[in-house]
S.K.: 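A single structure is presented below for examination.
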Amino acid sequence: MKWSKAFIPTTREDPADAEIRSHKLMVRAGLISKLASGAYTYLPLGYRALRKIEQIIREEMDAAGAQELHMPVIQPADLWARTGRLKAYGPVLMHFNDRHGRDVVLGPTHEEVITSLVANNVGSYKRLPLNLYQIQTKFRDEYRPRFGVLRTREFLMKDAYSFHISIDDLKTTYQKMYEAYCRIFDRCGLEYIIVEAESGPIGGESSHEFMVPTEVGEDSLVRCSCGYAANLERATAAPIDVRPAESLDEIQQVHTPGATTIKQLTELLSVSAEKCIKTLILMGDGEPLIALLRADHELNEAKLARAAGLENIEMADAETIEKLTGAAVGFSGPVGLEGVRIIADQAVSVMSNAVTGANKTDYHITGVSPGRDFALPIIADIRLAQQGDHCVKCGGQLQFSQGIEIGHVFQLGTKYSDALGANVQDEQGNTKPLIMGCYGIGLNRIMAAAIETCSDKDGVVWPMGIAPFQVVIVQLSDSSQVVETAKQLYKDLEARGCEVLWDDRQVRPGVKFKDADLIGIPLRITVGEKALAQGKIELKRRTEKQPRLLEPTDAVEAVVQLVESQTRS
RNA sequence: CGGAGCGUAGCUCAGCUUGGCUAGAGCGCUGCGUUCGGGACGCAGAGGUCGGAGGUUCAAAUCCUCUCGCUCCGACCA
């Protein structure tokens, strides 16, 4: 491609509405352009990169035994109602009414469609396992699109769905997908980690997320040097040890007017939050429930729900709290509360001489020791891991960072097949629900994550595997010798299968160098009078400072080799 | 949906507090000339519903009301 004919609108300045590095660079390098909040055009350069990502995914999915198909974006809302997800997704689903007034949704994902497809066409275990995938635009009316292309209302996703007669068979495919994902992300040149994950409202039991650690990701990661890794929702910290025995104080009531927050309480009484018990009152399936946490810890609702055996949990309103405790919000405590389920975090169970609410407005009590002053019927891990916690596997310090989720694999089970009646007959002729797995990859996020992690002060530094072009030829002048040499290199490299961008523009050298760095093509050939006087041209990697001088024919060989060695995983 | 901020040239912004002449700068763009190995310079130019609607006023980019859009924080999220 000749640069003079290409549509690559680079800019010198950062866009005003971009906050994070990848977003700024994607706009400056002419990869994307925003149409509206959460809706971006992929410009030719950006689209080339996106298509390369797509092709890597396609090749690896095919190699792993999955088959590509293409499903509709528009889906009857009725189908969504049957799995309960019309309600579960709520306003995130984009709807419209067609000319007959039928409620239609734009697919945010395709479990319903694929499950009904397979239900209608597969009746026997003999056709299983089956693994089908598509690469398609998905629609979600996000509460808040953000971070450039990281969270948008319209995005490209690869979603695969597998169908099985047995859990063992599902696990085999799950493992294959897991390995295929590793190859895909390796080929994309990403540094990623794999974490245990909550499966979320999609349902299912086992799940792993593929994350690229960055400073700006939306997800929080917890890691240990021993290899333990989980996302924050799932992460478990090592239990807190029992403190050395001290003499147990007697309970005393203290006047704490207006101290409704932990901060106010600790300042008023000059105690650390570690000595206070936070009493959270929640509603689970219509019943009140009390969660006790050390005051410097945060509740993990998913863990609490699991410990309590409940589906949905939400914070109780002020009225419920006042009725239950007889005190205003902010003065609740476990001592003396009757007839309500109490679940204590493990860290609370090892406390003594603690401070907590007195169930009397404007009063707290001190000298509280769990076990002595109130019962601990259920002790569980119901908190978020936090800075300073230790690894549950090896006892080492847990490390916290942010990350971008680029892929997610789930073992779904029979949630959708049950809801949609997707059954097959097994060997004995019994009717069995299909056991499912599903596997997603966010293509746009791969691109953003790659740029977020691969860039320097001058611009993007594309990994070879997903670079829009593999090599850029910078032609420094219009002298016939320079032009002819550049042209010959261009022809030779293209003939060898390289993706070449030839900067033949009538602009000053400085502009060409700056632009080449900004758009981040991995290899750069410079053709200029100086080196050409010795019959040489310059070859440089984007990551290097100094070029090497080579004969043009040697340069072609060198480029071909570099491309090959860096494209392989 | 709650909180905060921002909408002025293609892009990045100044001007608004304290209303007043023809609405400015830099970058980019067009033409001519000089330059030509890391975003050159000179001259000449094109380019604006000051987000939109309504109001106050002799007079509104500037003040008031409403509205739309965008960004960030929160809530939410395969």
Side-chain angles (χ1 to χ4, degrees), chain A residues 9-20 23-24 27-28 30 33-39 83 85 88-93 107-112 138-148 150-153 155 157-161 197-204 207-210 216-220 231 233 301-302 314-315 405-412 415-416 436-442 445 457-459 474-479 482 503 505-519 524 526-533 537-538 540 545 547:
Chain A
T10 59
T11 68
R12 195 186 294 237
E13 286 177 286
D14 285 337
D17 57 5
E19 205 73 17
I20 70 169
H23 187 194
K24 289 175 182 172
V27 174
R28 283 193 55 209
S33 174
K34 186 172 70 188
L35 174 65
S37 179
T83 57
R85 290 211 296 178
Y89 265 75
V92 174
L93 272 182
T109 173
H110 283 71
E111 280 83 2
E112 280 79 0
K138 310 278 179 171
F139 297 85
R140 291 184 195 177
D141 197 355
E142 294 288 352
Y143 288 89
R144 188 179 157 204
R146 59 175 149 181
F147 297 148
L150 278 187
R151 180 164 293 273
T152 50
R153 294 189 294 175
F155 57 99
M157 177 171 206
K158 186 285 299 180
D159 47 329
Y161 307 91
E198 280 297 328
S199 45
I202 202 156
S207 165
H208 289 90
E209 284 176 348
F210 291 73
V216 296
E218 289 189 289
D219 298 273
S220 295
N231 69 12
E233 289 165 316
E301 286 194 27
E314 55 184 1
M315 297 301 287
E405 179 190 353
I406 49 172
H408 202 157
V409 291
F410 298 83
Q411 293 179 28
L412 274 182
K415 173 175 172 165
Y416 297 96
M436 294 175 60
C438 83
Y439 320 91
I441 292 180
R445 283 182 173 187
K457 65 173 173 49
D458 294 314
V474 176
Q475 167 200 316
L476 284 185
S477 80
D478 293 329
S479 79
V482 168
D503 194 351
R505 293 176 298 169
Q506 306 279 314
V507 295
R508 293 166 63 87
V511 175
K512 295 192 177 190
F513 289 134
K514 288 289 183 192
D515 269 347
D517 284 347
L518 179 59
I519 70 170
R524 188 182 86 192
T526 306
V527 185
E529 314 262 4
K530 280 186 192 170
L532 218 47
I537 57 87
E538 296 166 26
K540 185 182 97 60
K545 274 267 176 280

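Fair warning: this is a prediction, and the values are worked out from it, not measured in the lab. Throughout, protein chains are lettered first and strands after them, A, B, ... in sequence-line order, and every chain is numbered starting at 1.
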S.K.: Can you tell which of B:C76, B:C73, B:A40 lies closest to the side chain of A:Y143?
M.R.: B:C76
S.K.: Hydrogens and angles aside, do A:S477 and A:E529 bring a side-chain donor and acceptor to less than 3.5 Å of each other?
M.R.: yes
S.K.: Just to confirm, is there a sub-4.0 Å distance from OP1 or OP2 of B:C36 to any side-chain nitrogen or oxygen of A:K512?
M.R.: no
S.K.: Sticking with atom P, work out how far B:G55 lies from B:G15, rounded to a whole angstrom.
M.R.: 29 Å
S.K.: Quickly work out the A:M315 CE to B:G74 C1' distance and round it to whole Å.
M.R.: 16 Å
S.K.: Less than 3.5 Å between a donor and an acceptor, one on the side chain of A:R146 and one on the base of B:G74, is that the case here?
M.R.: no
S.K.: Would you mind pulling out the nucleotide paired to B:U35, Watson-Crick or G-U wobble, both distances under 3.5 Å?
M.R.: none
S.K.: Whom does B:U57 pair with, Watson-Crick or G-U wobble, provided both distances fall under 3.5 Å?
M.R.: none
S.K.: So what's B:A44 paired with, Watson-Crick or G-U wobble, going by both distances under 3.5 Å?
M.R.: B:U30
S.K.: So if I take every side-chain heavy atom of A:P509 and compare against B:G37, B:A75, B:C70, which nucleotide ends up nearest?
M.R.: B:G37
S.K.: Please determine if a side-chain N or O atom of A:S477 lies less than 4.0 Å away from the OP1 or OP2 oxygen of B:G37.
M.R.: no
S.K.: For the side chain of A:R144, counting heavy atoms from C-beta on, which of B:U12, B:C72, B:G37 is nearest?
M.R.: B:C72
S.K.: In whole Å, what is the span from the CZ atom of A:R12 to the P atom of B:A40?
M.R.: 7 Å
S.K.: Looking at B:G39, does its base get a donor-acceptor pair with the side chain of A:E13 below 3.5 Å?
M.R.: no
S.K.: Name the closest nucleotide to the A:K514 side chain, picking from B:C70, B:G39, B:C36.
M.R.: B:G39
S.K.: Check whether A:K158 reaches the backbone of A:Y439 with its side chain - one donor and one acceptor, N or O, closer than 3.5 Å.
M.R.: yes
S.K.: For A:R505 and B:G39, what is the distance between atoms CZ and P respectively, to the nearest whole Å?
M.R.: 14 Å
S.K.: In this structure, how many angstroms lie between the P atom of B:A4 and the CD atom of A:E19, rounded?
M.R.: 18 Å
S.K.: Write down the partner of B:C6 under the Watson-Crick or G-U wobble criteria, each distance required to be under 3.5 Å.
M.R.: B:G69
S.K.: Is B:C50 paired to anything, Watson-Crick or G-U wobble with both distances less than 3.5 Å, and if yes, which nucleotide?
M.R.: none
S.K.: Please give, in whole Å, the distance from B:C11 P to A:K24 NZ?
M.R.: 18 Å
S.K.: Would you call A:K415 and A:E111 a salt bridge, using N to O less than 4.0 angstrom?
M.R.: no
S.K.: Please report the distance, rounded to the nearest Å, between CZ in A:R28 and P in B:G28.
M.R.: 13 Å
S.K.: If we take the P atom in both B:C32 and B:C68, what is their distance in whole Å?
M.R.: 49 Å
S.K.: Among the candidates B:G37, B:C70, B:G39, find the nucleotide nearest to the side-chain atoms of A:D17.
M.R.: B:C70
S.K.: Should the side chain of A:D517 and the base of B:G38 be counted as holding a donor-acceptor pair, with the cut-off at 3.5 Å?
M.R.: yes
S.K.: In whole angstrom, give the distance that lies between atom CD of A:E218 and atom C1' of B:C72.
M.R.: 13 Å
S.K.: Is any NZ, NE, NH1 or NH2 atom of the basic residue among A:R146 and A:E218 found under 4.0 Å from an Asp or Glu carboxylate oxygen of the other?
M.R.: yes
